[in-house]
Amino acid sequence: QSSVVYFADFIFYNLANESSLLTRNAKIEYDNNILEGDEIFSNWQSNMIESAYTNNVYPMITKGQAEPMIGDYMKFDLTTKKGYIEKGRSLVDVGVFKGENFMQKNDDELYIHSSSFSSCNLEHPHYYFASKKMKVINNDKIISKPMTVFIQDFPIAYVPFAIFPNSEKKRQSGLIMPSFGHSSNRGTYIRDFGFYVAPNDFMDLDFLIDFYDLKYIEFKSNLRYNKMYGKNWYNYKYNGSLQIKKYRIDLLDEINDFNYLSDSDSTNSQSIIYFKHNQSFDPTQKVIIDYEYKSDRNVENEIDIKEILNQNLVSNFSYSKSWQNGTSLIIGYNEFKKLDIPEIDDFNNQSINYKHYSGGITYNMPSKKIFGNGDKWYHNLYLSYNMIYKSNRKDYYKVLSNNQSS
């Protein structure tokens, strides 16, 4: 149904078999597809074209503006638009992918057997993601199952399936490519390996893993949501996030083998969870929640300078309501605790522990005339009311070493 245009330095025709052999700078253009190679064979009875690695030139096929695919051998059916590639490789948004066999089902779907991914474009990459089966959906995504992560041909992680983005869209679900390296005291590492999910325009989620083979494994996740002006009071307007800032399993100082990460006697764990929620029930009332949880105060192995400097636990809650006459009500609660000072049970020498809890209610009624409008003197009498209630609690203590009194 489409025209076939072909070029080459030399073209040999076999009229009896209705075939052609194109050699030297051979090219065939068909339905927005371009096949190039040093040698291309065409059978016009079966509408099959073939090209193989010849004279140090790999056959290459390009569709539209997409990145080309290269392989040792290619075969395509011009009628069904199905094709086959041996030992193929190509470049996509996430990096280079390779495979033993490529099967082109149609213009939008490509199946790869014994495939691998890597953002390293070396012939033998330092790291890669391997999969037995892979499906590439044009301008959408790449699905692989299962998938194994290799570093220098050594498998370090396995997942039953993975989804890579393969679209021109700026916001898309898929795998997040990690960074790799080596630390003198923490070993070989993978940082920020995970996936991103955007199910709709109002919510997204990311999940990340950091792994140091001599020290720890850490999980991080962030769920974000934002809804503007729903139809009901409970979804009128809200936004917020639930963030696992850190869930980390550390090897003890004397252990430097990641095989012990599953042994509770050889590890300790830390976690930081943060929840933030702002919600308006209508234009006159709203709730603000900021809650943070930290499991302990151990920062010895911390590499984030912000976490090292911020060892305070702060949580807030507030509810506010306003009326058209200017009256307002605010109910609030605040909790503060210093985490970089040891608990009294864990530290026998001189120390100070500090905690602070506070709650309050504020009610304000603006000034208004008591007896309404008029020319009499008592019409200039005003009444206003303001109430503030606060409840505070402070816990602090100091312990002196030796036998001194406390």
Worksheet entry | Sidechain-backbone polar pair: Y274 side chain, K245 backbone, donor-acceptor under 3.5 Å | no

Fill in: Donor-acceptor pair, side chain of N55 and main chain of V57, under 3.5 angstrom
no

Discussion item. Looking at D210 and D192, would you say the former's side chain and the latter's main chain have a donor-acceptor pair under 3.5 Å?
Written reply: yes

Discussion item. Using a 6.0 Å cut-off, check whether atom NZ of K220 has over 12 heavy atoms from anything other than its own residue.
Written reply: yes

Worksheet item: Given L208 and F219, is the side chain to side chain contact (heavy atoms under 4.5 Å, CB included) satisfied, shown in steps?
Response: CA-CA 6 Å; L208 301 172; F219 304 92; over 6 Å; no

Worksheet item: Are R24 and F10 in a cation-pi setup, meaning NZ or CZ lies under 6.0 angstrom from the ring centre and within 45 degrees of the ring axis?
Response: no

Worksheet item: Taking the six-membered ring for Trp, is the centroid-to-centroid distance between Y236 and F281 below 6.0 Å?
Response: no

Fill in: N17 (side chain) donor-acceptor with S19 (main chain) under 3.5 angstrom
no

Practice prompt. Is it possible for you to check whether K227 lies under 6.0 Å from the centre of the six-membered ring of F202, through NZ or CZ, and within 45° of that ring's axis?
Written response: yes

Worksheet entry | Y73 and E50 side chains, donor-acceptor separation under 3.5 Å | yes

Practice prompt. Kindly say whether E39 contributes a backbone atom to a donor-acceptor pair with the side chain of S51 at under 3.5 angstrom?
Written response: yes

Practice prompt. Give the intermediate values and the outcome of side chain to side chain contact (heavy atoms under 4.5 Å, CB included) for residues L329 and T362.
Written response: CA-CA 6 Å; L329 171 68; T362 302; over 6 Å; no

Worksheet item: Is a side-chain donor or acceptor of N200 paired with a backbone partner of M203 at a separation under 3.5 angstrom?
Response: yes

Worksheet entry | Exam field: side chain S131 to backbone K133, donor-acceptor pair closer than 3.5 Å | yes

Item to complete: Would you check if there is a donor-acceptor pair between the side chains of K98 and S115 at a distance under 3.5 Å?
Response: no

Practice prompt. Quick one: sort the Y225 and Y238 rings into parallel, tilted or perpendicular, breaks at 30° and 60°.
Written response: tilted

Practice prompt. Look at D206 together with R224 and state whether they make a salt bridge at an N to O cut-off of under 4.0 Å.
Written response: yes

Worksheet item: Is the backbone of D263 close enough, under 3.5 Å, to the side chain of D265 for a donor and an acceptor to pair up by distance?
Response: no

Worksheet item: Ring centres of Y291 and F275 under 6.0 Å apart?
Response: no

Worksheet item: Can you tell me if N43 and E18 form a side-chain donor-acceptor pair at under 3.5 Å?
Response: no

Fill in: Interatomic distance, F195 atom CZ to F207 atom CZ [nearest 0.5 angstrom]
6.0 Å

Worksheet item: Would you say the side-chain atoms of T327 pair up with the backbone N or O of W323, donor to acceptor, closer than 3.5 Å?
Response: no

